[in-house]
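For the single chain, residues carry numbers from 1 onward in sequence order.
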Amino acid sequence: LARLHMVGADVLVLDEATSALDTETENAVMEAITSLQGQKTLIIIAHPEVDESSSQQFLLASANPLENVTCKILTDKLYNIKEEQDLLANHDRIIFQFPMYWYSAPYLLKKWLDDVFTNRMINGLLKNKELGLVVTMGQSEDAFGAGRVEKFTLSELFKPFEALAN
């Protein structure tokens, strides 16, 4: 399952591996990606195996030809915090793309957020920006909810990201 949630936007749900998308679903994905044009969009990718992931490769290939979309792949290499903050400040829309690990984002994204996001970033430079999530997981969306296998809704699990958006 891959899920895109953007504050103030529709939700796009992919319920199968992107390598096996039917034509209608692939067209819907491409329309969603094309809609990113106009405003400057930054996609922060926190996937430990980007090169081996068919879903990550599909989204990278789809975003590549778009002029106003920048993809940043997080690694465990050192980064310049000021440069990362400038990258965020220079984009209108920020999308975090990651696989869900144990009801959370991978360590790469958590560490990056801890290092890069400061009170100044959240209270000033990120004000009025759109925040989105693209999350892949091994369970279907139906598994999440009170009384279901996973006991919590996806919205409940992603509350920390909602807090960043406010």
Side-chain angles (χ1 to χ4, degrees), residues 1-9 11-14 18 29 32-33 35-139 141 144 150 152-166:
L1 170 75
R3 177 184 174 121
L4 170 66
H5 173 73
M6 294 186 64
V7 175
V11 174
L12 171 67
V13 177
L14 306 177
T18 53
V29 170
I33 291 170
S35 74
L36 298 177
Q37 290 197 44
Q39 292 185 317
K40 290 178 72 175
T41 300
L42 174 63
I43 302 174
I44 304 289
I45 301 168
H47 194 293
E49 298 173 359
V50 171
D51 293 334
E52 288 80 35
S53 170
S54 61
S55 63
Q56 301 302 306
Q57 292 304 307
F58 174 80
L59 290 167
L60 281 168
S62 300
N64 189 38
L66 303 175
E67 290 180 21
N68 291 326
V69 176
T70 303
C71 293
K72 162 104 178 134
I73 299 173
L74 299 183
T75 67
D76 54 5
K77 295 178 183 172
L78 292 177
Y79 41 83
N80 180 307
I81 292 173
K82 173 74 170 104
E83 288 176 7
E84 301 296 304
Q85 291 173 338
D86 289 345
L87 190 63
L88 289 165
N90 291 324
H91 287 82
D92 305 304
R93 180 183 294 130
I94 300 159
I95 297 174
F96 297 113
Q97 181 180 337
F98 59 90
M100 187 163 76
Y101 287 173
W102 292 106
Y103 309 105
S104 186
Y107 165 77
L108 288 172
L109 182 56
K110 176 66 172 123
K111 178 170 180 9
W112 186 85
L113 288 169
D114 288 346
D115 291 344
V116 174
F117 276 50
T118 63
N119 285 337
R120 181 175 87 89
M121 285 295 297
I122 294 171
N123 295 326
L125 297 174
L126 296 179
K127 197 167 189 80
N128 299 320
K129 294 188 185 286
E130 292 181 17
L131 174 66
L133 299 179
V134 175
V135 180
T136 56
M137 59 193 82
Q139 291 278 14
E141 188 174 17
F144 293 88
E150 298 299 339
F152 297 94
T153 66
L154 290 172
S155 294
E156 290 172 317
L157 294 172
F158 295 131
K159 283 285 185 201
F161 291 100
E162 185 177 338
L164 281 177
N166 294 313

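In terms of modelled atom types and a separation under 3.5 Å, the side chain of Gln57 and the main chain of Val50 share a donor-acceptor contact. In this structure, Lys72 contributes its side chain and Leu42 its backbone to no donor-acceptor pair below 3.5 Å.
Under the rule for a side chain to side chain contact (heavy atoms under 4.5 Å, CB included), the partners of Asn80 that lie at least two apart in sequence or sit in another chain are Lys82, Glu83. Residues forming a side chain to side chain donor-acceptor pair (under 3.5 Å) with Thr153 (at least two apart in sequence, or on another chain): Glu156. Under the rule for a salt bridge (Lys or Arg N to Asp or Glu O under 4.0 Å), Lys129 has no partner lying at least two apart in sequence or in another chain. With sequence neighbours excluded, the residues forming a side chain to side chain donor-acceptor pair (under 3.5 Å) with Asp115 are Tyr79, Lys111, listed by chain and number. Every side chain to side chain donor-acceptor pair (under 3.5 Å) that His91 has, sequence neighbours left out, goes to Thr70.
Rounding to the nearest 0.5 Å gives a distance of 10.5 Å between CD1 of Ile43 and CD1 of Ile73. Glu84 contributes atom CD, which lies 7.0 Å from atom CD1 of Ile44 (distance to the nearest 0.5 angstrom). Between the CD atom in Gln97 and the CG atom in Leu60 there is a gap of 6.5 Å [rounded to 0.5 Å]. Note that CD1 of Ile81 and CH2 of Trp112 are 10.5 Å apart. Values are rounded to the nearest 0.5 Å. One distance of note links OG1 of Thr41 with CG of Asp92; it measures 7.0 Å at 0.5 Å rounding.
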Using a 3.5 Å cut-off and no angle test, enumerate the donor-acceptor pairs between side-chain atoms of residues 100-110 and protein atoms at least two apart in sequence or in another chain.
unit_1 : atom_1 : unit_2 : atom_2 : d
Tyr103 : OH     : Glu150 : OE1    : 2.4
Lys110 : NZ     : Asp114 : OD1    : 2.8
Lys110 : NZ     : Asp114 : OD2    : 3.3

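The list of salt bridge (Lys or Arg N to Asp or Glu O under 4.0 Å) pairs with a residue in residues 47-64, not counting sequence neighbours, is empty.
Aromatic ring orientation, Phe117 versus Phe96: tilted (interplanar angle from 30° to 60°).
Ring-centre distance between Phe98 and Phe161: below the 6.0 Å cut-off.
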